[in-house]
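Lettering of chains follows the sequences in order, A, B, ..., and the numbering in each one begins at 1. Only this structure's heavy atoms are used, side chains among them; waters, hydrogens and symmetry mates stay out.
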Protein chains: 2
Amino acid sequence: MESVTDTTDLLALDRQVCFALSIASRSVIGLYRPLLQPMGLTHPQYLVMLALWQHEPLSVKELGELLRLDPGTLSPLLKRLQALGYLSRERNTKDERALAVTLTPAGRALRAEAEKIPPAIVERLGMELAELQHLHGALMRVIAATDRDPGSRKV
Amino acid sequence: MESVTDTTDLLALDRQVCFALSIASRSVIGLYRPLLQPMGLTHPQYLVMLALWQHEPLSVKELGELLRLDPGTLSPLLKRLQALGYLSRERNTKDERALAVTLTPAGRALRAEAEKIPPAIVERLGMELAELQHLHGALMRVIAATDRDPGSRKV
DNA sequence: CTAGATTAGTTGGTGTACAAATTAATAGCC
DNA sequence: GGCTATTAATTTGTACACCAACTAATCTAG
């Protein structure tokens, strides 16, 4: 991922930012798993809940935009969350193509448990907050860079 | 993911490093897709090829350690790469439980095309190399932090 | 107003990741 | 040496992500 003189190095696995991103993402998400399991949530489901706690009601389209997930992924995911009793999906009266995704009382109540998670993760990582914020900033910049790429983000 | 006074902020989606990691990873990997598609490779397959170009022969276990993937994921993935004609899997004569994964001539030849990819990605991102290297370092540190967590990494 | 284009969400297909179970081979201990 | 524990890889099951196709609702242009 870096242009260098030595092509042997060019493809070295541990030089690939894409690889580091993938491993980092999977590794951090792995830390969440034991914490989310008692709530019956997978990590992507947790992100959906975060979005709804913050912004409900949301359409599938809005959720997709917030979470960068396509409707094909969200549809069954929301279905499973509905089956868990955490949310409901109803037709939007103004535009019947759209759904209004809202939390159930159980879904809203779950937030109190969920608030314990981020601090627990920070503690498990044992990293300074400043370093995590720094990483966050760097990640936002690379996301913005991918957004700027002409071949990406069909919105 | 940061302990702060305001709990409303605590769960804000755009404050979660795990979310930024996930989106960044997916977004960057998305840039690879059109470049890998002419070679018939998915991104995880590309990473496997990187590992083999660098280190072949490798056992499934070694590939798993390098790529942080479990055998359940690798097994069908390698099978598909074998079907594509890029690698072969043979029993290790010293320990018949283990496989020796080696590249075919076609697999080795693919490297020349693959070398064009990292510079192309850097160009598409339009980011400074130094910034990418900085991000890479930060990612390595968070990966190391997850490795240090007592509840993680059963190796 | 109407027909065609666009949009919202669902469904189906493919390829991962993760977890558990299984089979066969090897290691280690008595 | 033999038995038990451990290990390597495969298979099965579940939940994603991404992509394409489809249906129904809405928008837009003539």
Side-chain angles (χ1 to χ4, degrees), chain A residues 18-19 22-34 36-37 40-48 57-65 67-84 89-101 152-155, chain B residues 19 21-34 36-37 40-48 57-65 67-84 89-101 152-155:
Chain A
C18 61
F19 179 57
S22 175
I23 301 304
S25 178
R26 289 199 275 120
S27 301
V28 169
I29 286 168
L31 296 185
Y32 280 77
R33 220 169 258 120
L36 293 173
Q37 192 268 338
L41 295 178
T42 63
H43 189 262
Q45 288 171 354
Y46 166 69
L47 295 178
V48 168
L58 290 167
S59 66
V60 176
K61 186 185 181 213
E62 286 164 334
L63 273 168
E65 285 165 351
L67 297 169
R68 306 290 182 105
L69 290 173
D70 74 22
T73 302
L74 275 171
S75 184
L77 193 156
L78 292 172
K79 195 170 186 176
R80 277 185 288 274
L81 278 173
Q82 179 163 341
L84 285 173
R89 293 176 296 167
E90 289 161 24
R91 282 294 149 187
N92 183 331
T93 46
K94 292 180 192 173
D95 178 350
E96 291 199 9
R97 295 172 303 179
L99 291 176
V101 184
S152 78
R153 285 299 327 276
K154 18 209 159 200
V155 194
Chain B
F19 179 57
L21 277 167
S22 175
I23 301 303
S25 177
R26 289 197 274 122
S27 301
V28 168
I29 287 168
L31 297 187
Y32 279 78
R33 222 169 256 121
L36 294 172
Q37 192 267 340
L41 295 178
T42 62
H43 190 263
Q45 288 170 356
Y46 167 68
L47 295 179
V48 167
L58 289 167
S59 66
V60 176
K61 188 185 181 217
E62 285 164 334
L63 272 167
E65 284 165 353
L67 297 168
R68 306 289 182 105
L69 289 174
D70 74 23
T73 301
L74 276 170
S75 186
L77 193 156
L78 293 172
K79 195 170 186 177
R80 276 184 288 273
L81 279 173
Q82 181 164 341
L84 285 173
R89 294 175 297 168
E90 290 160 22
R91 283 292 150 188
N92 184 329
T93 47
K94 292 179 189 170
D95 179 348
E96 292 199 10
R97 299 173 299 178
L99 291 178
V101 183
S152 78
R153 285 299 328 272
K154 22 224 153 186
V155 192

Please tell me if [X] has a side-chain N or O lying less than 4.0 Å from either OP1 or OP2 of [N].
X        : N       : result
Arg26(B) : dA17(D) : no
Thr42(A) : dT14(D) : no
Arg80(B) : dT16(C) : yes

Spacing of [X] atom [atom1] relative to [N] atom [atom2], expressed in whole Å:
X        : N       : atom1 : atom2 : answer
His43(A) : dA19(C) : NE2   : C1'   : 18 Å
Gln45(B) : dA17(C) : CD    : C1'   : 14 Å
Ile29(B) : dC18(D) : CD1   : P     : 9 Å
Leu69(B) : dC18(C) : CG    : P     : 7 Å
Arg33(B) : dG15(C) : CZ    : C1'   : 10 Å
Lys94(A) : dC27(D) : NZ    : P     : 13 Å
Leu67(A) : dA17(D) : CG    : P     : 10 Å
Gln37(B) : dC18(D) : CD    : P     : 16 Å

Is the shortest side-chain heavy-atom distance between [X] and [Y] below 4.5 Å?
X        : Y        : answer
Leu99(B) : Arg91(B) : yes
Leu69(B) : Arg26(A) : yes
Leu47(A) : His43(A) : yes
Leu77(B) : Thr42(B) : no
Leu78(A) : Leu63(A) : yes

Run the side chain to side chain contact (heavy atoms under 4.5 Å, CB included) test on Ile29(B) and Arg33(B) for me, step by step, so that the C-alpha distance in whole Å, both residues' side-chain angles and the decisive distance to 0.1 Å come before the verdict. CA-CA 7 Å; Ile29(B) 287 168; Arg33(B) 222 169 256 121; 4.0 Å; yes
Run the side chain to side chain contact (heavy atoms under 4.5 Å, CB included) test on Leu41(B) and Val48(B) for me, step by step, so that the C-alpha distance in whole Å, both residues' side-chain angles and the decisive distance to 0.1 Å come before the verdict. CA-CA 10 Å; Leu41(B) 295 178; Val48(B) 167; over 6 Å; no
Between Leu77(B) and Thr93(B), name the one whose nearest nucleotide on DNA chain C is closer to the 5' end. Leu77(B)
Under a 4.0 Å heavy-atom criterion, the protein footprint on nucleotides 2-13 of chain D, written with B, S and -, is -----BSSBB--
